[in-house]
Amino acid sequence: MGFTEAAPGSVMIEMGGTMVLCTATVEEKTPPWMVGKGGWVTAEYAMLPGSSSPRIRRDHYQKGRAKEISRLIGRSLRAVVNLKAMGDCSIRVDCDVIQADGGTRTAAITGGWLAMIEALAWAASRGIANAEAGFDQVAAISVGMVEGEVLLDLDYRDDHAADVDLNVVMAGRGLLVEVQGTAEGALFDRADLDRMLDLAEKGISELFSVQRQALGQ
(Lines give C-alpha, C1' and ligand atoms only; values in the text may rest on other atoms or scores of the structure.)
Protein backbone atom coordinates (compact mmCIF):
# COMPACT_ATOMS: atom_id res chain seq x y z
CA MET A 1 0.00 0.00 0.00
CA GLY A 2 1.10 3.61 -0.62
CA PHE A 3 3.74 2.50 -3.12
CA THR A 4 3.87 5.91 -4.83
CA GLU A 5 3.19 9.41 -3.50
CA ALA A 6 1.56 11.28 -6.37
CA ALA A 7 -1.72 9.34 -6.53
CA PRO A 8 -4.25 9.25 -3.64
CA GLY A 9 -4.34 5.47 -3.93
CA SER A 10 -1.42 3.26 -4.92
CA VAL A 11 -0.69 -0.44 -4.49
CA MET A 12 2.02 -2.74 -5.76
CA ILE A 13 0.63 -6.26 -5.92
CA GLU A 14 2.77 -9.32 -6.53
CA MET A 15 1.35 -12.76 -7.27
CA GLY A 16 4.19 -15.12 -7.99
CA GLY A 17 6.28 -13.54 -10.72
CA THR A 18 3.51 -11.15 -11.75
CA MET A 19 3.85 -7.56 -10.52
CA VAL A 20 1.23 -4.88 -11.14
CA LEU A 21 1.31 -1.26 -9.99
CA CYS A 22 -2.23 0.01 -9.37
CA THR A 23 -2.77 3.73 -8.87
CA ALA A 24 -6.07 5.53 -8.34
CA THR A 25 -6.71 9.21 -8.99
CA VAL A 26 -9.76 11.35 -8.22
CA GLU A 27 -11.47 13.86 -10.49
CA GLU A 28 -14.18 16.23 -9.21
CA LYS A 29 -16.36 15.55 -12.24
CA THR A 30 -18.16 12.66 -13.90
CA PRO A 31 -18.70 11.60 -17.53
CA PRO A 32 -21.57 13.43 -19.28
CA TRP A 33 -23.92 10.45 -18.97
CA MET A 34 -23.47 10.37 -15.17
CA VAL A 35 -23.98 14.07 -14.41
CA GLY A 36 -26.51 14.37 -11.62
CA LYS A 37 -26.70 10.58 -11.18
CA GLY A 38 -23.74 9.95 -8.86
CA GLY A 39 -20.08 9.07 -9.24
CA TRP A 40 -18.09 6.92 -11.64
CA VAL A 41 -15.24 4.40 -11.52
CA THR A 42 -13.20 3.43 -14.55
CA ALA A 43 -9.89 1.68 -15.22
CA GLU A 44 -7.03 1.48 -17.70
CA TYR A 45 -4.68 -1.49 -18.08
CA ALA A 46 -1.32 -1.64 -19.80
CA MET A 47 1.75 -3.85 -19.95
CA LEU A 48 4.96 -1.84 -19.71
CA PRO A 49 7.51 -2.46 -22.49
CA GLY A 50 9.90 -4.47 -20.31
CA SER A 51 7.23 -6.49 -18.53
CA SER A 52 7.50 -9.41 -20.93
CA SER A 53 9.82 -10.90 -23.53
CA PRO A 54 9.89 -9.97 -26.32
CA ARG A 55 9.46 -6.26 -25.55
CA ILE A 56 5.89 -4.95 -25.52
CA ARG A 57 5.34 -2.09 -27.97
CA ARG A 58 3.96 1.06 -26.37
CA ASP A 59 1.12 1.22 -28.89
CA HIS A 60 -0.04 -2.07 -27.33
CA TYR A 61 -1.80 0.15 -24.78
CA GLN A 62 -4.47 1.10 -27.32
CA LYS A 63 -4.97 -2.37 -28.77
CA GLY A 64 -7.92 -4.72 -28.31
CA ARG A 65 -6.62 -6.96 -25.52
CA ALA A 66 -5.62 -4.03 -23.31
CA LYS A 67 -8.97 -2.33 -23.89
CA GLU A 68 -10.89 -5.52 -23.12
CA ILE A 69 -8.99 -5.99 -19.86
CA SER A 70 -9.47 -2.31 -18.96
CA ARG A 71 -13.22 -2.75 -19.32
CA LEU A 72 -13.15 -5.95 -17.24
CA ILE A 73 -11.35 -4.17 -14.40
CA GLY A 74 -13.75 -1.22 -14.56
CA ARG A 75 -16.81 -3.48 -14.49
CA SER A 76 -15.40 -5.45 -11.57
CA LEU A 77 -14.71 -2.35 -9.48
CA ARG A 78 -18.07 -0.71 -10.22
CA ALA A 79 -19.85 -3.91 -9.15
CA VAL A 80 -18.94 -3.19 -5.51
CA VAL A 81 -19.45 0.59 -5.47
CA ASN A 82 -22.73 2.40 -4.86
CA LEU A 83 -22.29 4.99 -7.59
CA LYS A 84 -25.42 6.91 -6.59
CA ALA A 85 -24.07 7.40 -3.06
CA MET A 86 -20.48 8.05 -4.12
CA GLY A 87 -20.74 11.76 -4.83
CA ASP A 88 -20.15 13.88 -7.91
CA CYS A 89 -16.65 12.61 -8.69
CA SER A 90 -14.77 9.96 -10.64
CA ILE A 91 -12.03 7.53 -9.67
CA ARG A 92 -9.69 6.32 -12.39
CA VAL A 93 -7.66 3.21 -11.58
CA ASP A 94 -4.54 2.66 -13.70
CA CYS A 95 -3.09 -0.85 -13.67
CA ASP A 96 0.40 -1.06 -15.15
CA VAL A 97 2.02 -4.48 -15.41
CA ILE A 98 5.66 -4.26 -14.30
CA GLN A 99 6.34 -7.96 -14.82
CA ALA A 100 4.07 -10.55 -16.42
CA ASP A 101 4.01 -14.21 -15.44
CA GLY A 102 0.32 -15.04 -15.93
CA GLY A 103 -2.79 -13.71 -14.23
CA THR A 104 -2.09 -10.03 -14.86
CA ARG A 105 -5.77 -9.07 -15.23
CA THR A 106 -6.80 -10.86 -12.05
CA ALA A 107 -3.92 -9.32 -10.08
CA ALA A 108 -4.95 -5.92 -11.47
CA ILE A 109 -8.50 -6.34 -10.19
CA THR A 110 -7.37 -7.47 -6.73
CA GLY A 111 -4.83 -4.67 -6.36
CA GLY A 112 -7.02 -2.14 -8.14
CA TRP A 113 -9.74 -2.53 -5.52
CA LEU A 114 -7.26 -1.62 -2.78
CA ALA A 115 -6.07 1.45 -4.70
CA MET A 116 -9.69 2.50 -5.30
CA ILE A 117 -10.62 2.16 -1.61
CA GLU A 118 -7.56 4.18 -0.62
CA ALA A 119 -8.48 6.92 -3.11
CA LEU A 120 -12.11 6.86 -1.99
CA ALA A 121 -11.03 7.39 1.63
CA TRP A 122 -8.76 10.25 0.52
CA ALA A 123 -11.62 11.88 -1.38
CA ALA A 124 -13.98 11.41 1.57
CA SER A 125 -11.53 13.14 3.92
CA ARG A 126 -11.75 16.20 1.67
CA GLY A 127 -15.53 16.18 1.37
CA ILE A 128 -15.41 15.07 -2.27
CA ALA A 129 -16.89 11.58 -1.93
CA ASN A 130 -18.64 9.21 0.45
CA ALA A 131 -16.21 6.54 1.67
CA GLU A 132 -19.11 4.18 2.45
CA ALA A 133 -19.96 4.04 -1.26
CA GLY A 134 -17.42 1.23 -1.51
CA PHE A 135 -19.69 -1.31 0.12
CA ASP A 136 -17.96 -4.61 -0.68
CA GLN A 137 -14.67 -6.21 -1.63
CA VAL A 138 -13.82 -7.61 -5.03
CA ALA A 139 -10.94 -9.88 -6.04
CA ALA A 140 -10.11 -12.20 -8.91
CA ILE A 141 -7.97 -15.20 -9.72
CA SER A 142 -7.19 -17.51 -12.60
CA VAL A 143 -7.87 -21.22 -12.54
CA GLY A 144 -7.45 -23.89 -15.16
CA MET A 145 -7.00 -27.53 -16.08
CA VAL A 146 -3.55 -28.79 -17.01
CA GLU A 147 -3.33 -32.48 -17.95
CA GLY A 148 -6.57 -33.15 -16.08
CA GLU A 149 -5.45 -31.39 -12.89
CA VAL A 150 -7.21 -28.25 -11.66
CA LEU A 151 -4.67 -25.54 -10.83
CA LEU A 152 -5.07 -22.15 -9.13
CA ASP A 153 -3.35 -18.89 -10.12
CA LEU A 154 -1.69 -20.18 -13.28
CA ASP A 155 1.75 -18.87 -14.13
CA TYR A 156 2.74 -18.34 -17.76
CA ARG A 157 4.03 -21.89 -18.24
CA ASP A 158 0.88 -23.52 -16.87
CA ASP A 159 -1.39 -21.06 -18.65
CA HIS A 160 0.32 -21.85 -21.96
CA ALA A 161 -0.19 -25.60 -21.38
CA ALA A 162 -3.73 -25.37 -20.00
CA ASP A 163 -6.56 -27.26 -21.67
CA VAL A 164 -9.09 -24.96 -19.97
CA ASP A 165 -8.49 -21.42 -18.74
CA LEU A 166 -10.86 -19.47 -16.44
CA ASN A 167 -10.69 -16.02 -14.90
CA VAL A 168 -13.06 -15.64 -11.96
CA VAL A 169 -14.10 -12.35 -10.33
CA MET A 170 -16.02 -12.49 -7.06
CA ALA A 171 -17.45 -10.00 -4.56
CA GLY A 172 -16.91 -10.32 -0.83
CA ARG A 173 -20.49 -11.49 -0.32
CA GLY A 174 -19.61 -14.64 -2.26
CA LEU A 175 -21.44 -13.56 -5.41
CA LEU A 176 -19.85 -13.92 -8.84
CA VAL A 177 -19.09 -10.73 -10.75
CA GLU A 178 -17.71 -12.28 -13.93
CA VAL A 179 -16.46 -15.62 -15.21
CA GLN A 180 -14.35 -15.81 -18.37
CA GLY A 181 -13.75 -19.38 -19.51
CA THR A 182 -12.32 -20.97 -22.62
CA ALA A 183 -11.61 -24.51 -23.76
CA GLU A 184 -8.08 -24.00 -25.06
CA GLY A 185 -7.05 -27.59 -25.77
CA ALA A 186 -9.91 -29.84 -24.69
CA LEU A 187 -13.62 -29.54 -24.01
CA PHE A 188 -14.81 -29.61 -20.41
CA ASP A 189 -18.03 -30.63 -18.70
CA ARG A 190 -20.18 -29.13 -15.94
CA ALA A 191 -18.40 -31.16 -13.25
CA ASP A 192 -15.03 -29.74 -14.39
CA LEU A 193 -16.47 -26.22 -14.28
CA ASP A 194 -17.76 -26.77 -10.74
CA ARG A 195 -14.35 -28.04 -9.61
CA MET A 196 -12.64 -24.96 -11.04
CA LEU A 197 -15.17 -22.56 -9.54
CA ASP A 198 -14.84 -24.21 -6.12
CA LEU A 199 -11.06 -23.84 -6.19
CA ALA A 200 -11.32 -20.24 -7.44
CA GLU A 201 -13.69 -19.40 -4.58
CA LYS A 202 -11.22 -20.83 -2.07
CA GLY A 203 -8.37 -18.81 -3.56
CA ILE A 204 -10.39 -15.59 -3.70
CA SER A 205 -11.44 -15.97 -0.06
CA GLU A 206 -7.73 -15.98 0.81
CA LEU A 207 -7.22 -12.86 -1.30
CA PHE A 208 -10.05 -11.14 0.59
CA SER A 209 -8.17 -11.85 3.81
CA VAL A 210 -4.94 -10.38 2.37
CA GLN A 211 -6.85 -7.27 1.22
CA ARG A 212 -8.28 -6.73 4.71
CA GLN A 213 -4.81 -7.16 6.24
CA ALA A 214 -3.43 -4.59 3.81
CA LEU A 215 -6.09 -2.12 4.98
CA GLY A 216 -5.28 -2.88 8.60
CA GLN A 217 -8.64 -4.53 9.24
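When reading the values below, keep in mind they use all heavy atoms of this one structure, side chains included, and skip hydrogens, waters and symmetry mates. This chain uses plain numbering: 1 for the first residue, then up along the sequence.
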- [ ] Could you give me the CA-CA distance, side-chain angles and deciding distance for Val41 and Met86, then say whether side chain to side chain contact (heavy atoms under 4.5 Å, CB included) is met?
- [x] CA-CA 10 Å; Val41 177; Met86 181 176 161; 4.1 Å; yes
Measuring only between side-chain heavy atoms, which start at C-beta, is [X] closer than 4.5 Å to [Y]?
X	Y	value
Asp163	Glu184	no
Trp122	Ile128	yes
Leu166	Leu197	yes

What is the distance from atom [atom1] of [X] to atom [atom2] of [Y], rounded to the nearest 0.5 Å?
X	Y	atom1	atom2	answer
Met19	Leu21	CE	CG	9.5 Å
Ile117	Gln211	CD1	CD	9.0 Å
Asn130	Asn82	CG	CG	8.0 Å
Asp153	Ser142	CG	OG	5.0 Å
Ile204	Ser209	CD1	OG	14.0 Å
Arg65	Met47	CZ	CE	6.0 Å

Open item on the list: Under the criterion side chain to side chain contact (heavy atoms under 4.5 Å, CB included), I'd like the reasoning laid out for Glu28 against Arg126: C-alpha separation, chi angles, the key distance, then a yes or no.
Closed with: CA-CA 11 Å; Glu28 293 187 60; Arg126 288 157 176 77; over 6 Å; no
TODO: Could you tell me which residues satisfy ring pair (Phe, Tyr, Trp, His ring centres under 6.0 Å) with Tyr156, sequence neighbours excluded, listed by chain and number?
DONE: His160
Open item on the list: Here's one to test your reading of the geometry: is the NZ or CZ of Arg78 within 45 degrees of the ring axis of Trp40 and under 6.0 Å from its centre?
Closed with: yes
Open item on the list: Could you check whether Asp198 pairs with Lys202 (Lys NZ or Arg NE/NH1/NH2 to Asp/Glu carboxylate O, under 4.0 Å)?
Closed with: no
Open item on the list: Is it the case that atom CZ in Arg71 sees more than 12 heavy atoms from other parts of the structure closer than 6.0 Å?
Closed with: no
Open item on the list: Can you confirm whether Glu147 is buried at CD, in the sense that more than 12 heavy atoms of other residues, nucleotides or ligands lie under 6.0 Å from that atom?
Closed with: no
Nearest heavy atoms of [X] and [Y], plus distance in Å:
X	Y	value
Ile56	Ser51	CG1-OG, 4.0 Å
Gly112	Leu77	C-CD2, 4.0 Å
Val26	Ala119	CG2-O, 3.8 Å

Task: Steps toward side chain to side chain contact (heavy atoms under 4.5 Å, CB included) verdict (Met145, Val150) - done: CA-CA 4 Å; Met145 294 187 65; Val150 179; 4.1 Å; yes
TODO: Without swapping roles, check the side chain of Thr110 against the backbone of Ala140 for a donor-acceptor pair under 3.5 Å.
DONE: yes
Task: Single-linkage hydrophobic cluster Phe135~Leu207, side-chain heavy atoms < 4.5 angstrom - done: no
Task: For Tyr45, the option from Thr104, Asp96, Asp94 that meets side chain to side chain donor-acceptor pair (under 3.5 Å) - done: Thr104
